[in-house]
Colleague: 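Quick one: this structure, given as structure tokens, is what I'll be asking you about.
Per chain, numbering begins at 1; letters A, B, ... match sequence-line order.
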Amino acid sequence: MLRIAHALNSQLLGALERAFPAAAVAARGAGQPLDPQLAPASKPEFGDFQANGALVLARPLRQAPRQIAAAIVAQLEADPAFGALCLPPEIAGPGFINLTLRPELLAAEVGRRLADPRLGVPAVGDAAAPVVVDFSSPNIAKEMHVGHLRSTIIGDALARVLEFRGHPVLRLNHVGDWGTQFGMLITHLKEVAPAALSTADAVDLGDLVAFYRQAKARFDADEAFQVRSREEVVKLQGGDPVSRRAWQLLCDQSRREFQRLYDRLDIRLLERGESFYNPCLEAVVADLAAAGLLVSDGGAQCVFLEGDDGSASKAPPVIVRKSDGGFNYATTDLAAIRYRFASPPEGDGARRVIYVTDAGQASHFAGVFQVARRAGWIPPGGRLEHVPFGLVQGEDGKKLKTRAGDTVRLRELLDEAVERCEADLCRRLAEEGRREEEAFITEVATTVGLAAVKYADLSTNRTTNYQFSFDRMLALQGNTAPYLLYAVVRIAGIARRGGAGAALPSPLLFTEPQEWALVRQLLQFDGVILEVEEELLPNRLCSYLFELSQVFNRFYDQVPVLRAEDPARGSRLALCRLTADTLKLGLGLLGIPTLERM
RNA sequence: GGGGCUGUAGCUCAGCCGGAUAGAGCGACGGUUUCCUAAACCGUAGGUCGUGGGUUCGAGUCCCGCCAGCCCCGCCA
């Protein structure tokens, strides 16, 4: 549909310029070329598209908007290329031009899409520069908890969409693997399990969280331990081999635990933690000094921020070197930005860098981004974007906690979703008297449970806080994963009962309004993907897929497929097939696999 | 005190850079099954878009003030 929209837009623009040549010249001279304001029709009865450009011209042309619209329409109707695309346009309301595409054109588009594995979504060329998506980013020696849920799920979905569009995507896991907490962890490890430092896999650290707690408790209670821990940090940063090995051990252990969750959620990540940027930190500060951005304040090296107009900002400065000479997280973040935009081999050569972190870090990133921009590290056309998301709240509207008031572990949260799903499925099977293999039940519960967690998160606009509710996300009706998965299953049922290998007629022939509604919904897929790529809002894709499922279910309910006679039967099978392809691809881009039966 | 985000139906949320009579889902109420999975479909009720101004032919959407909630605010990430 994008291709058609582009064609229509240029035809409209041509009509506009032919109808009002003087205004077109004047507008171009003023740097504000005429715009037909082509948009999708706001209601089905208005056709496929509407052009609102006539309304804007009313004032400069001192003519009634409907009169202007009529002049544009007259030009359009004189254009044979337009006539090949659309039925005669209609002027409605204050001066909207409503456009309806020729039905046979829509049917042909459906046919073309069935033969296209990309379903009409254009791929960016080979010359595409890398896009960095920085997401998930847990801390070493800590367990992943509900706070990592949104970054992980949203980041993965965005990466999938960008990859599908053909961008080389670097999925970076910026893990917290460097910092003062390693002093106490290593000191504790050395004292509790010295064997681990000399023999591979001698000790299973087991529950790293418990280990972290023990170390923290000693650190808080024991002054001598504190001193040893601080010395340990210095040794680690100085490259002491034993300290490095202990650090490596902790990282390896954490990595294995993270990986179990990533495998379960089918998420690929390239680990590149904070420590990776250590060698660059000196150079970062030197760069900032050379750019004249550094100011010493209270012994710390700072960059003071500016407002949009270049005036001094009231925001606190970005500190890149502490008064004790050490670097902090802002320095690391700056080093990461510099590295990611820098050309290979000294950097990633990225043109777009995306950070998926909670909204609470907005001001931190705003400051760091400004410094990077003023330091000249962002190449022309380079995009640096913070993709913020809101808190995960419980149904009481407060930050999600367990009943005991603890942080919710991600693993346990996923377990509960799958368990609830399985219980629900078993109850339903019993009610319907269905018998299924254990393996089937496990597969369905796992797929639906995890899909529900992902979809619930992705389907709301990420900028607002998100109210977590197992009952809502697992509901079988409404904008939920189970509802969408069920639509796929229905189509799979049709395929099993004889629709699988059927030859499709050409041209496809549609007669029922439910068929046309489905056709129009299907053809919007390409536009939605490009919108998600641009706006980085996965909920747009979710809404689209939900609407597609609704339109399909209406069609399925009201229009027979297998029992119809050809050519209707074949044409309807084509719609089923394309619906299934679109739902599978779309859900796949959200990181959600589909099922044949459920 | 400074900054950010949010405020739309009883509840959870959309609203695609200003366009036609503000949309879903849940919940409520009522209906549909000799037929491809009823995990579905159809219908009814329900909104002063926090509030007061402003800009505009046109504002849920843009600007300003105010109110409420959440979050952030210099050497932690």
Colleague: Would you say the ring centroid of A:Tyr329 lies under 6.0 angstrom from that of A:His174?
Modeller: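 Ring-ring flag for A:Tyr329/A:His174: false, centres at least 6.0 Å apart.
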Colleague: How should the glycosidic conformation of B:rC17 be described, syn or anti, under the criterion that syn lies within 90° of 0?
Modeller: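 For B:rC17, whose glycosidic angle is within 90° of 0, the conformation is syn.
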Colleague: Which part of the nucleic acid, if any, lies within reach of A:Val528 when heavy atoms closer than 4.0 Å are counted: base, sugar-phosphate only, or nothing?
Modeller: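 If one applies the 4.0 Å heavy-atom cut-off, A:Val528 turns out to touch nothing in the nucleic acid.
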Colleague: May I ask you to decide if A:Gly183's main-chain N or O and A:Arg230's side chain share a donor-acceptor pair within less than 3.5 Å?
Modeller: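 Side chain of A:Arg230 to backbone of A:Gly183: no pair is present.
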Colleague: Identify all pairs in which a protein N or O lies below 3.5 Å from an N or O of nucleotides 20-23 of chain B, and state each distance.
Modeller:
from: B:rA20; atom 1: N7; to: A:Ser42; atom 2: OG; distance (Å): 3.2
from: B:rA20; atom 1: N7; to: A:Gln50; atom 2: OE1; distance (Å): 3.4
from: B:rA20; atom 1: N6; to: A:Gln50; atom 2: OE1; distance (Å): 3.2
from: B:rA20; atom 1: N6; to: A:Asn98; atom 2: OD1; distance (Å): 2.4
from: B:rA20; atom 1: N6; to: A:Asn98; atom 2: ND2; distance (Å): 3.4
from: B:rA20; atom 1: N1; to: A:Asn98; atom 2: ND2; distance (Å): 3.2

Colleague: Are any protein N/O atoms closer than 3.5 Å to N/O atoms in nucleotides 67-76 of chain B? If there are, list each pair with its distance.
Modeller:
from: B:rC72; atom 1: O2'; to: A:Ser363; atom 2: OG; distance (Å): 3.3
from: B:rG74; atom 1: N1; to: A:Asp297; atom 2: OD2; distance (Å): 3.0
from: B:rG74; atom 1: N2; to: A:Asp297; atom 2: OD2; distance (Å): 2.8
from: B:rC75; atom 1: O2; to: A:Ser323; atom 2: N; distance (Å): 2.8
from: B:rC75; atom 1: N3; to: A:Ser323; atom 2: OG; distance (Å): 3.4
from: B:rC75; atom 1: N4; to: A:Gly298; atom 2: O; distance (Å): 3.3
from: B:rC76; atom 1: OP2; to: A:Lys322; atom 2: NZ; distance (Å): 3.0

Colleague: Touch check for A:Val551, heavy atoms < 4.0 angstrom, all strands: base, sugar-phosphate only, or nothing?
Modeller: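 No contact at all - A:Val551 keeps every heavy atom at 4.0 Å or more from the nucleic acid.
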Colleague: Within the structure shown, what part of the strands sits under 4.0 Å from A:Gly493 by heavy-atom distance: base, sugar-phosphate, or nothing?
Modeller: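 The residue A:Gly493 makes sugar-phosphate contact but no base contact.
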Colleague: Can you list everything that forms a side-chain hydrogen bond (donor to acceptor under 3.5 Å, both in side chains) with A:Thr446? Sequence neighbours excluded, please.
Modeller: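 By the side-chain hydrogen bond (donor to acceptor under 3.5 Å, both in side chains) rule, A:Thr446 matches no residue at all.
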Colleague: Quick one: are the ring centres of A:Phe96 and A:Phe46 less than 6.0 Å apart?
Modeller: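 Ring centres of A:Phe46 and A:Phe96 not closer than 6.0 Å.
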Colleague: What pairs of residues pass the side-chain hydrogen bond (donor to acceptor under 3.5 Å, both in side chains) test when at least one of them lies in residues 535-547 of chain A, not counting sequence neighbours?
Modeller: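 Residue pairs with at least one partner in residues 535-547 of chain A: A:Glu531-A:Arg540.
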Colleague: Using Watson-Crick and G-U wobble pairs whose two distances are both under 3.5 Å, how do you write the pairing of RNA chain B as dot-bracket, with | for links to another strand?
Modeller: (((((((..((((.....[...)))).(((((.......))))).....(((((..]....))))))))))))....
Colleague: Please determine whether any donor N or O and acceptor N or O are separated by less than 3.5 Å between the side chain of A:Arg59 and the base of B:rC57.
Modeller: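 No, no donor-acceptor pair under 3.5 Å.
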Colleague: Establish, with yes or no, whether the OP1 or OP2 oxygen of B:rA14 is under 4.0 angstrom from a side-chain nitrogen or oxygen of A:Thr464.
Modeller: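 Yes, because at least one side-chain N or O of A:Thr464 sits under 4.0 Å from OP1 or OP2 of B:rA14.
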Colleague: Listing time: all N or O pairs from protein to nucleotides 40-46 of chain B that are below 3.5 Å?
Modeller:
from: B:rA40; atom 1: OP1; to: A:Leu476; atom 2: O; distance (Å): 2.7
from: B:rA40; atom 1: O2'; to: A:Arg490; atom 2: NH1; distance (Å): 2.9
from: B:rA40; atom 1: O2'; to: A:Arg490; atom 2: NH2; distance (Å): 3.4
from: B:rC41; atom 1: OP1; to: A:Tyr483; atom 2: OH; distance (Å): 2.6
from: B:rC41; atom 1: O2'; to: A:Asp557; atom 2: OD2; distance (Å): 2.8
from: B:rC41; atom 1: O2'; to: A:Gln558; atom 2: NE2; distance (Å): 3.3
from: B:rC42; atom 1: OP1; to: A:Arg554; atom 2: NE; distance (Å): 2.5

Colleague: Checking side chain to side chain donor-acceptor pair (under 3.5 Å) for the pair A:Thr331/A:Asn328: CA distance, chi angles, key distance, verdict?
Modeller: CA-CA 5 Å; A:Thr331 328; A:Asn328 63 2; 2.9 Å; yes
